[in-house]
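As the structure lists them, so they are numbered: ligands from 1, and atoms in each ligand from 1.
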Amino acid sequence: MSLNINSTVKLNNDVEIPIFGLGTYLAEQGKQAEDAIQIALEAGYKHFDTASFYFNEESVGKAIRDSSYDRKELSVTTKLWNSDHGYENALTAFNKSLKKLNIEYIDLYLIHWPVEGRRKESWKALEKVYKEGQCRAIGVSNYTIMHLEELLSECEIKPTVNQVEYHPFLYQKDLRDYCKSNNIILESYSPLTKGQRLHDEKLGKIAKEYNRSPAQILIRWNLEQNVIVIPKSSNKNRIIENSKVFDFSIKPEDMERLNSLNENYRCTWDPTNIP
Ligand SMILES: NC(=O)c1ccc[n+]([C@@H]2O[C@H](COP(=O)([O-])OP(=O)(O)OC[C@H]3O[C@@H](n4cnc5c(N)ncnc54)[C@H](OP(=O)(O)O)[C@@H]3O)[C@@H](O)[C@H]2O)c1
């Protein structure tokens, strides 16, 4: 597959989102987050992932506004936090995020977590802001197949994206295949396992064979599957390192070796038992 840093994935509403982006969880509001985005823009990143829960939307928005890029060339995702669920609350939260970001529109607005008993009403609010053109696409995060089935059975507008923890140590093949067959794009968060499996011996061996870092192999593993990937770094060298993943590809047999690293390991929350 021939990909470059500007390659996009087409969502089910025909909107295109760059397949590669920068995560910003724990990038501190202010200089740290602004610098990270500026460095990433210089390295060619076009897609930025934030959330109201990250408390850095102002900085993400500022860095986007300060960039020399046309707004249309960049893509910004933010998310509805758990305490903001419900129809009216979600509308208010969306407007707060838009105000904090201080950009004309949000590209992708996601429900951060499938909060029990409240997500249905929240989705209606997302449908409203989408219909009004205040965001280009709406989607979900941390939804299991059960949550997606429920949403698909009751929604007016289908989710475009499901952002979940996804890496070889948590190879959620069934969820990936379910999303694919329902025309929902999978987006990988914590693709680097928050650094917790970067020293895995088998991963290290494969990385050495490709003359790449373990982080680069994990990012490319997602790209090979047409999965959107948003590694986070606030460090200049690592932001650049993580973007150098478009001049090689992983052979099918090595993808299999990586898939076999699965141990259902989660470095974040597990939504499996959320009714
Ligand atoms: N929807 C959700 O519920 C959810 C949950 C988690 C994450 N996310 C999103 O996904 C993004 C990425 O996930 P994440 O932040 O959890 O974890 P991640 O991207 O898997 O890992 C980030 C960690 O790895 C380090 N790192 C980055 N590049 C590295 C490299 N090349 N070599 C070694 N270490 C490296 C970073 O430190 P430095 O910054 O010091 O480089 C940071 O500690 C988040 O930032 C957020 O935008 C969404």
Side-chain angles (χ1 to χ4, degrees), residues 17-29 31-37 39-40 43 45 47-57 59-60 63 75-82 97 101 106-115 119 138-144 147 159 161-170 172 175 185-200 203-204 207 210 212-223 227-245 265-272 274:
I17 299 278
I19 194 167
F20 176 75
L22 183 76
T24 67
Y25 179 51
L26 298 182
E28 270 175 45
Q29 171 100 303
K31 188 169 164 40
Q32 189 181 63
E34 285 167 33
D35 285 357
I37 290 165
I39 293 162
Y45 290 62
H47 169 174
F48 302 90
D49 182 86
T50 182
S52 65
F53 179 66
Y54 303 169
F55 301 105
N56 61 14
E57 287 170 310
S59 298
V60 171
S75 183
V76 180
T77 297
T78 192
K79 315 185 190 85
L80 175 78
W81 185 237
N82 301 354
S97 282
L101 283 159
I106 288 164
D107 291 273
L108 178 61
Y109 194 57
L110 305 179
I111 290 188
H112 209 141
W113 180 258
V115 172
R119 53 185 182 259
I138 51 176
V140 294
S141 177
N142 294 300
Y143 273 43
T144 63
H147 301 123
V161 165
N162 186 21
Q163 184 187 105
V164 300
E165 182 175 344
Y166 192 67
H167 45 69
F169 304 93
L170 179 64
Q172 304 197 67
L175 180 60
I185 295 291
L186 196 73
E187 175 167 6
S188 156
Y189 77 64
S190 303
L192 310 178
T193 66
K194 292 189 186 287
Q196 291 167 14
R197 286 289 184 278
L198 290 179
H199 297 293
D200 178 88
L203 171 62
Y210 281 82
R212 299 286 162 159
S213 68
Q216 289 171 324
I217 295 291
L218 293 180
I219 295 166
R220 186 74 206 188
W221 178 83
N222 279 290
L223 296 174
V227 168
I228 299 178
V229 60
I230 48 167
K232 180 264 173 184
S233 179
S234 302
N235 170 281
K236 182 171 183 179
N237 292 338
R238 290 191 285 275
I239 290 172
I240 294 169
E241 173 188 328
N242 295 345
S243 71
K244 305 274 183 214
V245 287
Y265 170 74
R266 286 183 192 268
C267 57
T268 59
W269 325 311
D270 185 353
T272 310
I274 306 292

Compute whether any side-chain donor of one residue and acceptor of the other, for [X] and [Y], lie under 3.5 angstrom apart.
X: T272; Y: D270; value: yes
X: S59; Y: Q29; value: yes
X: E57; Y: T78; value: yes

How far is [atom] from its nearest protein heavy atom, and which residue and atom is that?
atom: atom 3 (O) of ligand 1; result: N142 ND2, 2.8 Å
atom: atom 44 (C) of ligand 1; result: Y25 CB, 3.6 Å
atom: atom 29 (C) of ligand 1; result: R238 CD, 3.3 Å
atom: atom 47 (O) of ligand 1; result: D49 OD2, 2.7 Å
atom: atom 12 (C) of ligand 1; result: I230 O, 3.1 Å
atom: atom 7 (C) of ligand 1; result: Y189 CD1, 3.5 Å

If you take the nearest heavy atom of each of [options], which one is closest to [atom]?
atom: atom 16 (O) of ligand 1; options: Q216, Q196, K194, E241; result: K194
atom: atom 26 (N) of ligand 1; options: K232, H112, K236, E187; result: K232
atom: atom 41 (O) of ligand 1; options: A51, G195, S233; result: S233

Item to check | Under 4.0 Å to a heavy atom of P231 - the qualifying atoms of ligand 1, by number | outcome: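 It comes down to these atoms of ligand 1: 19 (O).
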Item to check | Enumerated ligand 1 atoms positioned under 4.0 Å from heavy atoms of W269 | outcome: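 The atoms of ligand 1 under 4.0 Å from a heavy atom of W269 are 3 (O).
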Item to check | Derivation of the side chain to side chain contact (heavy atoms under 4.5 Å, CB included) call for I219 and L192 | outcome: CA-CA 7 Å; I219 295 166; L192 310 178; 3.8 Å; yes
Donor-acceptor pair, distance only, cut-off 3.5 Å: does the side chain of [X] make one with the backbone of [Y]?
X: T193; Y: Q196; value: yes
X: E187; Y: V227; value: no
X: H147; Y: V140; value: no
X: N142; Y: V164; value: no

Ligand 1 contact on [X] by region, counting heavy-atom pairs under 4.0 Å:
X: S141; result: side chain
X: N242; result: side chain
X: P191; result: both
X: L198; result: side chain
X: I239; result: neither
X: W113; result: neither

Say whether [X], considering both its backbone and side-chain N or O atoms, lies within less than 3.5 Å of an N or O atom on ligand 1.
X: S190; answer: yes
X: A215; answer: no
X: N235; answer: no

Checklist entry - So, for P231 and G21, which heavy atoms are closest and what is the spacing to 0.1 Å? => result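 Shortest heavy-atom contact: CD-O, 3.3 Å.
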Item to check | Exercise: identify the closest heavy-atom pair between K244 and Q216 | outcome: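 Heavy-atom minimum between the residues: O-NE2, 3.4 Å.
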Checklist entry - If you measure from the Lys or Arg side-chain nitrogens to the Asp or Glu carboxylate oxygens, is any gap between K79 and D49 under 4.0 Å? => result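 Salt bridge flag = yes for D49 with K79.
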Checklist entry - Would a line drawn from the ring center of F20 to the ring center of Y45 be shorter than 6.0 Å? => result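 Centroid separation for F20 and Y45: below 6.0 Å.
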Checklist entry - Below 6.0 angstrom between ring centroids: does that apply to Y166 and W221? => result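 Yes, close enough.
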Next on the checklist: Measuring from non-hydrogen atoms of S213 to any atom of ligand 1, is the shortest distance under 4.0 Å?
Outcome noted: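 Not so, S213 does not reach ligand 1.
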Next on the checklist: Contact between ligand 1 and Y54 is defined here as a heavy atom of the residue under 4.0 Å from a ligand atom; is it met?
Outcome noted: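 The answer is yes, since Y54 has a heavy atom less than 4.0 Å from ligand 1.
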Checklist entry - Right, does atom 20 (O) of ligand 1 have protein non-hydrogen atoms nearer than 4.0 Å? => result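 Neighbour list for atom 20 (O) of ligand 1 includes protein heavy atoms (cut-off 4.0 Å).
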Next on the checklist: Below 30° counts as parallel, above 60° as perpendicular, anything between as tilted: where do the rings of F53 and H112 land?
Outcome noted: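 Correct class here is perpendicular.
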